[in-house]
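Read the numbers this way: they start at 1 and go in the same order the structure lists the ligands and their atoms.
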Amino acid sequence: MSKGLLFVVSAPAGCGKDTILEQLFKVTENVGYSVSATTRAPREGEVNGVHYHFMNREQFEQMIKDEAVLEYTEYCGNYYGTPRKAVEDMLNEGKDVILKIEVEGAMNIKRLFPECCLVFILPPSMQELERRLRKRGTETEEKIIERTAQAREELKFAENYDYLIVNGELSEAVDDLKAVISAEKLRKTRCMAKLAELRAE
Ligand code: 5GP
């Protein structure tokens, strides 16, 4: 059986990557999601083991020592990392895997898995991004300005990604991501076994 493909999806806060992925998982099969480990506190509605594996700093640092994370980073004062075993198991079972991680983690994953596919979600405009951050209503004005500035910093990494998807209309962005996954699976290098089979007939 051939191994699954690894996809990395990144986007600044407010670009809608969580919603895009939620919608994607409703309509796709055989795509797994890598549940990250983090030391940040759960937000309302977040479930341990579903949204994140929530843990304290000692537990996370033990995972680092045990080389149980493929990559990790410190983001806004908290650790975030990709558990190694879960990802490797899914790939070995032939399942495609999506990691939803920030830009530095994405660059590290690309180094470890040069074959992986990096997807960056863009806002339709910076003005719209700011509007979406404001709409959440959970942030202070200072935080909104900080998050918009951080988004500009993260956008600098977008050119290192393989695909850029603009999230203007949600359903279109979901379709675009589905198209990226399909296209990646059809790459010549991933279909050589079929070609060999046909030639042997
Ligand atoms: P949040 O706290 O909003 O859930 O996540 C903050 C940022 O950390 C987001 O950009 C998210 O994609 C990223 N992130 C989540 N899990 C991981 C991970 O395992 N590794 C890395 N490098 N980033 C992560």
Side-chain angles (χ1 to χ4, degrees), residues 6-25 31-57 59-91 97-113 116-123 129-130 132-140 143-144 146-158 160-165 167 173 177:
L6 188 57
F7 294 88
V8 176
V9 176
S10 304
C15 289
K17 66 180 182 303
D18 295 1
T19 319
I20 292 174
L21 288 177
E22 260 168 41
Q23 296 296 317
L24 179 88
F25 285 116
V31 181
Y33 177 67
S34 159
V35 179
S36 292
T38 186
T39 57
R40 89 145 157 73
R43 295 192 187 120
E44 208 186 312
E46 283 183 333
V47 178
N48 190 26
V50 175
H51 298 93
Y52 281 104
H53 298 292
F54 295 102
M55 57 184 67
N56 60 35
R57 290 185 78 86
Q59 289 168 316
F60 198 101
E61 281 163 5
Q62 191 58 49
M63 280 185 80
I64 300 172
K65 274 194 206 128
D66 295 342
E67 298 188 2
V69 280
L70 278 173
E71 61 75 39
Y72 71 94
T73 193
E74 254 192 290
Y75 184 91
C76 297
N78 289 303
Y79 280 128
Y80 292 84
T82 306
R84 178 189 300 278
K85 189 170 182 314
V87 171
E88 288 179 349
D89 285 352
M90 285 190 276
L91 292 176
V97 181
I98 296 185
L99 310 185
K100 186 179 69 183
I101 63 177
E102 52 66 70
V103 291
E104 268 180 41
M107 299 301 108
N108 289 331
I109 289 289
K110 189 72 181 176
R111 257 172 248 129
L112 286 172
F113 298 86
C116 78
C117 174
L118 302 184
V119 182
F120 199 95
I121 313 282
L122 299 167
L129 178 73
E130 221 178 297
R132 288 180 190 173
L133 288 172
R134 234 173 262 282
K135 212 176 105 191
R136 288 183 175 181
T138 53
E139 316 264 0
T140 60
K143 267 268 178 244
I144 290 165
E146 192 185 307
R147 286 204 167 234
T148 312
Q150 194 182 345
R152 285 186 195 279
E153 280 306 304
E154 291 177 24
L155 276 179
K156 290 181 186 162
F157 285 82
N160 299 319
Y161 282 62
D162 301 305
Y163 293 92
L164 304 179
I165 294 177
N167 184 17
L177 184 55

| task | Specify the protein heavy atom at minimum distance from atom 20 (N) of ligand 1: its residue, its atom name, and the distance to 0.1 Å. | result | E71 OE2, 2.7 Å
| request: Using a strict 4.0 Å cut-off to heavy atoms of K17, name the atoms of ligand 1 that fall inside it. | output: 9 (C), 10 (O), 12 (O)
| remark: Atoms of ligand 1 under 4.0 Å from any heavy atom of R40, numbered from 1 in the order shown, are 1 (P), 2 (O), 4 (O)
| task | Would you kindly check if the NZ (Lys) or CZ (Arg) of R57 is within the cone defined by 45 degrees around the ring axis of Y79 and under 6.0 Å from the six-membered ring centre? | result | yes
| field | Pair R134 + E130, salt bridge at N-O below 4.0 Å | value | yes
| note | the protein heavy atom lying closest to atom 22 (N) of ligand 1 turns out to be E102 OE2, 2.7 Å
| K143 and E146 ion-paired at < 4.0 Å | yes
| said: I need the nearest protein heavy-atom contact for atom 16 (N) of ligand 1: residue, atom name and distance, please. | reply: S36 OG, 3.0 Å
| Does a side-chain heavy-atom distance below 4.5 Å link K156 with V103? | no
| query | Looking only at protein heavy atoms, which one is nearest to atom 5 (O) of ligand 1, and how far off is it? | reply | Y52 OH, 3.3 Å
| message | Check this for me, if you would: do D66 and R84 make a salt bridge, where the nitrogen-to-carboxylate-oxygen distance has to be below 4.0 angstrom? | response | no
| Should the proximity of Y80 to ligand 1, defined as any heavy atom under 4.0 Å, be assigned to the side chain, the backbone, both, or neither? | both
| T82 neighbourhood, listing ligand 1 atoms whose heavy-atom distance to it stays under 4.0 Å | 19 (O)
| query | Does the side chain of F25 reach to within under 4.5 Å of the side chain of I98, using non-hydrogen atoms? | reply | yes
| If you measure every N/O of G81 against every N/O of ligand 1, is any gap under 3.5 Å? | yes
| note | Looking only at protein heavy atoms, what sits closest to atom 3 (O) of ligand 1 is R43 NH2, 3.0 Å
| field | Short side-chain donor-acceptor distance under 3.5 Å, E154 and Q150 | value | yes
| field | Closest protein heavy atom to atom 12 (O) of ligand 1, given as residue, atom name and distance to 0.1 Å | value | K100 O, 3.2 Å
| request: Using modelled atom types only, decide if a donor and an acceptor are shared between the side chain of N167 and the backbone of I121 within a distance under 3.5 Å. | output: no
